[in-house]
Structure formats: C-alpha cells, structure tokens
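Here is the structure we will look at.
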Amino acid sequence: MNHGKIYVIGIGPGGQEQMTARALHALEQCSCVAGYGLYLDLIAELLEGRERLETGMTHEVERCRAARDAALAGKTVALVSSGDAGVYGMAGLLLEVCGGSPIEIEIIPGITAACSGGALLGAPLSCDFACISLSDLLTPWELIERRLRGAAAGDFAIALYNPASRKRTDALPRACEILLESLPPETVCGLVRCIGREGESHRLTTLGALAEQPCDMLTTVFIGNSATRVVDGWMVTPRGYRGV
Ligand code: SAH
C-alpha cells in the first residue's frame, strides 16, 4: 500500500502575505489539513475543498495521531502551526508520534513571532538572544525561572513567548521580578500583539514598567540587552559597529 506524506507547515504569524512560497506550494499538494481551528481559520481561503482534521488547542497529541493515520491511509496531509512549526510548534511532536512509521515527512519553516515581531519594533534581536516561553503547561515554573536568570546573566536580549493566557495572568509580572533582580529597570522593552492579524499593535516600554503592560496569549514581549536603545522610536540592539 502507498503511504501518504505529511508536510509540517509553519504559516507565519497571521495572514497569507507572511507565508513563504514553499508553504503555499506545500498546502496546494495536500488533500487534508490538520491544525488548531484558529490557525486554520487564518488561512481558510487556502483550504477550500480540503478535508479538515480539526482538534482543540490542547489536543496536540491527538492532532498528530490524526495526521499520521490519514497519511498511513495514503493521504497527503498538512499539519499547520503558526509561526514556525519547530518553535513551540508541533514539528517535534509529529516526528515522535510518527517514529518508526514509513510515512514521508517534510518540514517547511515559517516566520516565527520573534522575527515578525522584532521587525515591527525595529531590530531588538540583532545580537545573541534567547527565546523563553512563560507557559508552565509543559515546563515546570522553576525551570522557566532558571532560564530567565541565565539569559539575564548572559546579557542576552530575550523574546518571551506565551507571556499570559486567560488563566495565567501573573507569569509576566513574575518574570519581570526575576529579571529585575539583575537587570536595570531602564532596560528597553517592547510588546507586539496580533502580528500580521487584525488589530496588530506594538509599543515600547521599560523593564521597570513592563509588569503593568496589558498582555495576553497573542502578545510577544521583547527585552533588550544592556546595549539596547531607542532610535527614532525603534528598538535597536546595536551590533557594535563603530563610527555610527
Ligand atoms: N510556533 C509559534 C509560537 C507558538 S507559541 C511561532 O513560531 O511564532 C504561542 C506564542 O507565540 C504566543 O503566546 C505569542 O507569544 C507568540 N505569537 C504567535 N503568533 C503571534 C502573533 N501573530 N502575534 C504576536 N505573538 C504571537
């Protein structure tokens, strides 16, 4: 029997214009699409006529199994993640779920929120940076704290993913408290919300004021390193070129 194929596709932050040509092309090959409903809705017009294997937000294992089973039945399946599928996305889980099976898998990179959000703010991540998710659903909070302290100690610029959810409203204030143990309150910070989607917005602030900023699960937070400054309203982490 002919086994199908799974394309794991990062669709970027929102609308179609931030999808890569490769992602668009891969979607065209698929007869069947799996993903969180909200992400599928973002690209609904591209999915017309395709079977939808929809599951809720916290049903990732189930979603990967559904994709695997459809591929085992010979279908060409797209497993869609927002941003990049390898950055807090489903690429790793899919590879684990399909381990040992004969299914062909191709992973298509997408623009992750650190890049699309960074571009809205300026160039906050031009030097070494760390991405840290504040979600403690799959990672114990103690480990998140350790990573925050490590990034601060190493003078990394930081992109914070999952800074809040409906239930988890204290994660960003707690993270700020930890970072302020070693970083000055004037440290330049930025927040971006709904990148590439309706209502897109971004603003600058400082680490001292970050905890009070409204933020939700559609926000990505940027914390500068010790050299980050504001240039004409842009958040810039200089690479160190002289004479500018
Ligand atoms: N795979 C995704 C990340 C998923 S984790 C990627 O590579 O971008 C979910 C978190 O990503 C959100 O809580 C938010 O911090 C960030 N994020 C994803 N899409 C976003 C968007 N359109 N605007 C702002 N933040 C976004």
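Atoms within a ligand are numbered from 1 in the order they appear, just like the ligands themselves.
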Closest to atom 21 (C) of ligand 1 by heavy-atom distance, out of Leu191, Asp216, Thr112, Ile195, is Ile195
Please determine if Val192 has a nitrogen or oxygen closer than 3.5 Å to a nitrogen or oxygen of ligand 1. no
Original post:
Does Trp141 have Arg146 sitting over its ring (NZ/CZ under 6.0 Å from centre, angle to axis within 45°)?
Top reply: no
* Asked: Is the closest side-chain donor-acceptor distance between Tyr88 and Ser81 under 3.5 Å?
  -> no
Atom 4 (C) of ligand 1 has as its nearest protein heavy atom Tyr88 O, 3.6 Å
| Looking at ligand 1, does any of its N/O atoms fall within less than 3.5 Å of an N/O of Thr219? | yes
- Item | Any N/O pair Leu160/ligand 1 closer than 3.5 Å | no
Review point. What do you reckon, is CD of Glu45 surrounded by more than 12 foreign heavy atoms closer than 6.0 Å?
Key: no
Numbered in order shown, the ligand 1 atoms found under 4.0 Å of a heavy atom of Pro163 are 15 (O)
| task | Kindly say whether Leu27 contributes a backbone atom to a donor-acceptor pair with the side chain of Arg50 at under 3.5 angstrom? | result | yes
Counting from 1 in the order shown, the ligand 1 atoms closer than 4.0 Å to a non-hydrogen atom of Ser82 are 1 (N), 2 (C), 6 (C), 7 (O)
Ranked by distance from atom 18 (C) of ligand 1, the top protein heavy atom is Ala113 CB, 4.0 Å
* Asn162, any N or O under 3.5 Å of ligand 1 N or O -> yes
To atom 12 (C) of ligand 1, the nearest of Arg197, Met217, Glu200 on a heavy-atom basis is Met217
For atom 26 (C) of ligand 1, the closest protein heavy atom turns out to be Thr220 OG1, 3.5 Å
Pro163 and Thr219 have their tightest heavy-atom pair at CD-O, 3.0 Å
TODO: Flag the pair Arg193 and Glu200 as a salt bridge only when some basic side-chain nitrogen lies within less than 4.0 angstrom of an acidic carboxylate oxygen.
DONE: no
*asked:* Counting only nitrogen or oxygen atoms and a 3.5 angstrom limit, does Tyr161 reach ligand 1?
replied: no
Answer yes if Leu121 and Leu207 sit in the same cluster of Ile, Leu, Val, Met, Phe, Trp and Tyr residues linked by side chain heavy atoms under 4.5 Å apart, and no otherwise.
no
Honestly, for Val221 the part within reach of ligand 1 (heavy atoms, under 4.0 Å) is neither
In terms of side-chain geometry, is the basic nitrogen of Asp41 or Arg52 positioned less than 4.0 Å from the acidic oxygen of its partner?
yes
*asked:* Could you check whether any side-chain N or O of Tyr161 sits under 3.5 Å from a backbone N or O of Ala114, counting only pairs where one atom can act as donor and the other as acceptor?
replied: yes
Does Gly110 offer a backbone N or O that forms a donor-acceptor pair with the side chain of Asp84 under 3.5 Å? yes
Exercise for the section: Answer with yes or no whether Ser135 contacts ligand 1, where contact means a heavy atom under 4.0 Å from a ligand atom. Expected result: no
Quiz item: Does atom CZ of Arg229 have more than 12 heavy-atom neighbours, drawn from other residues, nucleotides or ligands, at distances under 6.0 Å?
Solution: no
Looking only at protein heavy atoms, what sits closest to atom 1 (N) of ligand 1 is Val87 O, 2.7 Å
Any non-hydrogen atom of Gly117 lying under 4.0 Å from ligand 1? no
Atoms of ligand 1 under 4.0 Å from any heavy atom of Leu218, numbered from 1 in the order shown, are 23 (N), 24 (C), 25 (N)
Discussion item. Can you tell me if Cys194 contacts ligand 1 (heavy atom of the residue under 4.0 Å from the ligand)?
Written reply: yes
